[in-house]
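To start, the structure itself, in structure tokens.
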Protein chains: 2
Amino acid sequence: MTALVSFEGFTLAPGIPIYQQILLFLKRGAVSGVIQNGDELPSRRVLSALLGVNPNTVQKAYRMLEEEGLIASHSGAKSVMVLDGETLARVRAELLEADARSAAQALRQLGLTKAEALALIERYWE
Amino acid sequence: MTALVSFEGFTLAPGIPIYQQILLFLKRGAVSGVIQNGDELPSRRVLSALLGVNPNTVQKAYRMLEEEGLIASHSGAKSVMVLDGETLARVRAELLEADARSAAQALRQLGLTKAEALALIERYWE
DNA sequence: CTAACTGTATTATACATCTGATACGGTTTG
DNA sequence: CAAACCGTATCAGATGTATAATACAGTTAG
């Protein structure tokens, strides 16, 4: 209950905007249930120090999440995840479709058969 | 034999650098066999007009491919794909690993089981 | 041969991303 | 209460991406 959102296992990938990586990490955590409604987020300053990025970059990610309704911020207090059923269903559908579609398209364009693609995903699962 | 590389089916995705999309399209075409050794590429000007982007953007993609050894350019004449066995194997491994790994990671982070992930890929295959 | 096309290069501009430094007022905590 | 932390905001600068307008020399085709 009201746990602190952990960024353990988060690693920065080169070439992709950092604020987008933070967005994706939090959305995927919410969809998987690792992050729950009411969980507190690390402050902008703390997270930026943890990730080694600028506070403004974290602020941009948090701000966009707030505009999507996944975060509630009150000036002076820590921000909190807001995850009602409707929002969760929307984000889940958004992420599932995007990830599955892009994966299928990439592997098909490489000339793989469906069976070969499934076998490859299975091999890289762990 | 020495066919012209076709960009039919190529659509610009927002948020990803255009020169990277051109790189990926040509690499995937080469790996799948749709593009073959010796095939002529559309000129920088023609392709930029076809895609509705700036010639410099196409030039950047072609230049990077030449640095990787996948394209041969001779000032004044059309550029040509250079796809020996070794290069193809390298690019194939590079793309397969990147695509499969990122897909597996994304779907697993969403809390899906391996079976659910495979079923999802299958659903979005066509 | 000549015109049209090709690769290559340069300069300027615009926008998004990221960083760095700083500041202000609100909230929490000892 | 007071110090420490918080969210928020602003300004400047660096870099990467993309556009726009040219220019020049080499190759190709009629």
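Note on naming: letters A, B, ... go to the chains in the order of the sequence lines (proteins, then strands), and numbering restarts at 1 for each one.
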Atom-to-atom span, CG of A:L47 to P of C:dC18 - whole angstrom: 14 Å
Are OP1 or OP2 of C:dT17 and a side-chain N or O of A:K60 less than 4.0 angstrom apart? yes
Integer-rounded Å distance: D:dA23 P and B:Q59 CD: 19 Å
For atom CD1 of B:I16 and atom C1' of D:dG16, their distance in whole Å: 16 Å
Hey, are the side chains of B:N37 and B:D84 touching, using non-hydrogen atoms and a 4.5 Å cut-off? no
For A:R45 and C:dT27, give me the distance from atom CZ to atom P, rounded to whole Å. 15 Å
A:P55 vs A:Q20, nearer the 5' end of DNA chain C by closest nucleotide: A:Q20
Taking atom types as they are modelled, is there a donor-acceptor pair under 3.5 Å from the base of D:dG7 to the side chain of A:R63? no
Name the closest nucleotide to the A:R44 side chain, picking from C:dG7, D:dG7, D:dA18. D:dG7
Separation of atom NZ in B:K78 from atom P in C:dC5, rounded to whole Å: 11 Å
I want to verify a distance call: between D:dT19, C:dG7, D:dT17, whose nearest atom is closest to the B:S75 side chain? C:dG7
Side chains of A:N54 and A:T57: do they bring a donor and an acceptor to under 3.5 Å? no
Parallel, tilted or perpendicular: which fits the ring planes of A:F7 and A:F25, with parallel below 30° and perpendicular above 60°? parallel
Take atom CG of A:L12 and atom C1' of C:dC18, then tell me their distance rounded to the nearest Å. 12 Å
Among C:dT8, D:dT8, D:dA18, which nucleotide sits nearest the side chain of A:S73? D:dT8
Ignoring backbone atoms, test whether B:T57 places a side-chain nitrogen or oxygen under 4.0 Å from the OP1 or OP2 oxygen of D:dT19. yes
Kindly give the heavy-atom pair with the smallest separation between B:A100 and A:L107, and that separation in Å. N-CD2, 4.5 Å
Any salt bridge between A:R63 and A:E67, counting N to O under 4.0 Å? yes
Tell me whether the OP1 or OP2 atom of C:dT6 has a side-chain N or O from B:S43 closer than 4.0 Å. yes
Could you tell me whether the phosphate oxygens of C:dT6, OP1 or OP2, come under 4.0 Å of any side-chain nitrogen or oxygen in B:S79? no
Using whole Å, report how far OH of B:Y19 lies from P of D:dT19. 13 Å
Is it the case that the base of D:dA18 and the side chain of B:N56 share a donor-acceptor contact (distance under 3.5 Å, atom types as modelled)? no
For A:N54 and D:dA9, what is the distance between atoms CG and P respectively, to the nearest whole Å? 16 Å
